[in-house]
Colleague: 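Below is the structure I would like to discuss, written out as structure tokens.
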There are 2 protein chains.
Amino acid sequence: MDDAALRFRARMKPFKTNAMKKTLPKQRSKTKHAKTARRRAAAPARKRIRLDPELRSGQILRGAIAFFAERGFGGQTRELAQQLGISQGLLYRYFPTKESLIEQIYEELFVKRFKPEWDTLLTDRSVPLLDRLTDFYRDYSEMLHDDEWGRIYLYSGLGGSSIARRFATHVTQSIFTRVIDELRHDCGVPGVAGKPMSEPEAELMWGLHGSIFYIGIRKSVYRVEPPRDIAGTVRRMVENFYDNGRELMRVSAS
Amino acid sequence: MDDAALRFRARMKPFKTNAMKKTLPKQRSKTKHAKTARRRAAAPARKRIRLDPELRSGQILRGAIAFFAERGFGGQTRELAQQLGISQGLLYRYFPTKESLIEQIYEELFVKRFKPEWDTLLTDRSVPLLDRLTDFYRDYSEMLHDDEWGRIYLYSGLGGSSIARRFATHVTQSIFTRVIDELRHDCGVPGVAGKPMSEPEAELMWGLHGSIFYIGIRKSVYRVEPPRDIAGTVRRMVENFYDNGRELMRVSAS
DNA sequence: GACGCTATTGATCATTTGACCAATAATAAT
DNA sequence: ATTATTATTGGTCAAATGATCAATAGCGTC
């Protein structure tokens, strides 16, 4: 028992040192009494702002997206709370765990931001295909090139989140199939219903998506100067894709 | 003082519970005596393997690359040590801090794996340009598509490491300039010495790199089926790039 | 203006985690 | 064999980190 007591004493002493390294955490007396007065003297005494729960949870979610996009999901709840100007404990009133907060972020970014109208936009054959493609990718790339979206998409993928994988495959199946079908129709070739998408066709699509998304990676991850004219660059990429695609159709037909 | 003692006791009890959750850490008696026999009985009693420091540090570095590529740099040193089959403390004999270990990883991946001969390969005008480009990108993409390389490149970039940024800009300046210069020469247009690389030219290069790297991202990050024929896909991307590039030169000239 | 509801806070807990160190055991030298 | 050297280990510390909770104070209601 005395050996344990020794360890205890040894442990207690540096605790003070530890605390002093941070931003004046408390400096409190041993007794629990007179704590209010003491606390007000030592701490900055945050002004308490009472918000409607709806507003507060939205504020936290938005703040968390910005915070985790910057720091990764290893970012600490204390720092997030500080950045939001609220206490750390409050986070747990709106989100039972850090993990659940992250789940909400996924929902917000990867589910809610996927627009179903993209599909109808791509299939409106009253508009020339190249125009449809240009319009679609202009809008789509706005999402891809958003700093927060891109970084969290990468963090979630690296972390092995199933939703990132699901998003990636879903995009493949829905958009890729649609575009190739339209491209084939544009070239007078039978659609994907008859002959499924070939690997070169799929890779042509991946190539376009990769080059467009990479603009975002460059900008949001490696902080390398993006093109001054992003829209123009995307347009040119789509045009190249269109040319290469028509050429591929011609070659594949023979 | 008694209040402190209380806290101590309260603190001590769960320690045992905690320990039990892990893989049988110790279960040791209060006295320091008879520890060897006790320890051998309780713990798996790791067989001590003594290695040449050169070998050991290399083993640790290689293991750390695999480990952090999978887990990200938030991965814990204890788990890394376990995966290596060594004690956690040993890591600190070879690398003073976790941070320094990570620095070594950067050195290994982003400095040592950059091949200077790539430049000479690209400029050998006795070989047709398209062949040079195909050869270069076949070799270069081998690095880009390596699971560990790609994931750590992304993690380091997201983490804001300066070396990731430096690597990205260095690639731009050295490879991009070289390729565009060769492409211009191939089209009978004045080189980059006279007229610097234009934004469309740079973006054409970024597009190629993006689409090639994205194959790796797809494979290593999102675990989406990569093309069965990666080399062929890369070749096709280079061919498309070459065609689009020549077209761009033709248009730019007018 | 007192009251009640509940959003908010600061303190605290249990555990995790990077780092450190004294003791130990391979291996080489004698 | 004995000894010297040092690679290796288990244990430990200080700090950090997700989570919990009793106390508190902002805001609407009467």
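Below, chains carry the letters A, B, ... as their sequence lines are ordered, and counting in each starts from 1. Since the structure is predicted, the reported quantities are computational estimates derived from the model, not experimental observations.
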Colleague: Take A:L51 and B:I49, find for each the nucleotide of DNA chain C with the closest heavy atom, and name the residue whose nucleotide sits nearer the 5' end.
Modeller: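 Going by which nucleotide is closer to the 5' end, it is A:L51.
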
Colleague: Check whether any side-chain N or O of A:Y92 sits under 4.0 Å from OP1 or OP2 of D:dT20, and answer yes or no.
Modeller: no

Colleague: Are B:F213 and B:H145 near enough that their ring centres are under 6.0 Å apart?
Modeller: no

Colleague: Looking only at side-chain atoms of A:L90, point me to the closest of D:dT9, C:dT9, C:dA11.
Modeller: C:dT9

Colleague: A:L80 CG to D:dA19 P: how many Å, rounded?
Modeller: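 Rounded to whole Å, this separation is 12 Å.
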
Colleague: Map B:R50 and B:G89 onto DNA chain D by nearest heavy atom, then report which one ends up closer to the 5' terminus.
Modeller: B:R50

Colleague: If you take atom types as modelled and just measure distance, does the side chain of B:R48 reach the base of D:dT8 with a donor-acceptor pair under 3.5 Å?
Modeller: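 Indeed there is one.
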
Colleague: Reckon B:T77 has a side-chain N or O less than 4.0 Å from the OP1 or OP2 of C:dG18?
Modeller: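 Checking B:T77 against C:dG18: at least one side-chain N or O falls below 4.0 Å of OP1 or OP2.
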
Colleague: Whole Å only: how far is the NZ atom of A:K98 from the P atom of C:dT15?
Modeller: 19 Å

Colleague: Base, sugar-phosphate, or nothing: which does A:L91 touch, judged by heavy atoms less than 4.0 Å apart?
Modeller: nothing

Colleague: Would you kindly give the CD1-to-P distance between B:I86 and D:dT9, to the nearest whole Å?
Modeller: 7 Å

Colleague: Nearest whole Å is fine: how far is D:dT8 P from B:I60 CD1?
Modeller: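 Those two atoms, CD1 and P, are 8 Å apart.
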
Colleague: Rounding to an integer number of Å, can you tell me how far A:D52 CG sits from D:dG28 P?
Modeller: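 That distance rounds to 10 Å.
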
Colleague: Are A:Y106 and A:F167 an aromatic pair by the rule of ring centers under 6.0 Å?
Modeller: no

Colleague: Mind telling me whether B:Y214 and A:W206 have parallel, tilted or perpendicular rings, with 30° and 60° as the class edges?
Modeller: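 A:W206 vs B:Y214 ring planes: tilted.
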
Colleague: What integer distance in Å separates B:L101:CG from C:dA19:C1'?
Modeller: 14 Å

Colleague: Under 4.0 Å, counting only non-hydrogen atoms across every strand here, what does A:R78 touch: a base, just sugar-phosphate, or nothing?
Modeller: base

Colleague: Which class fits the ring pair B:W118 and B:F114: parallel under 30°, tilted 30 to 60°, perpendicular over 60°?
Modeller: perpendicular

Colleague: Base, sugar-phosphate alone, or nothing: which one does A:R93 contact when heavy atoms must sit under 4.0 Å apart?
Modeller: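 Touches a base.
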
Colleague: Using whole Å, what does the distance between atom P of nucleotide C:dT17 and atom CD of B:Q82 come to?
Modeller: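 The distance from CD of B:Q82 to P of C:dT17 comes to 13 Å, rounded to the nearest Å.
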
Colleague: Applying a 4.0 Å non-hydrogen cut-off, can you work out what A:Y94 is touching in the nucleic acid: base, sugar-phosphate, or nothing?
Modeller: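 Result for A:Y94 = sugar-phosphate.
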
Colleague: Establish whether the base of C:dT8 is bridged to the side chain of A:R56 by a donor-acceptor pair shorter than 3.5 Å.
Modeller: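 Absent.
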
Colleague: Compute the ring centroids of B:F176 and B:H170, then answer whether they are less than 6.0 Å apart.
Modeller: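 Centroid separation for B:F176 and B:H170: 6.0 Å or greater.
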
Colleague: Atom CD of B:Q88 to atom C1' of D:dC13: distance rounded to whole Å?
Modeller: 12 Å

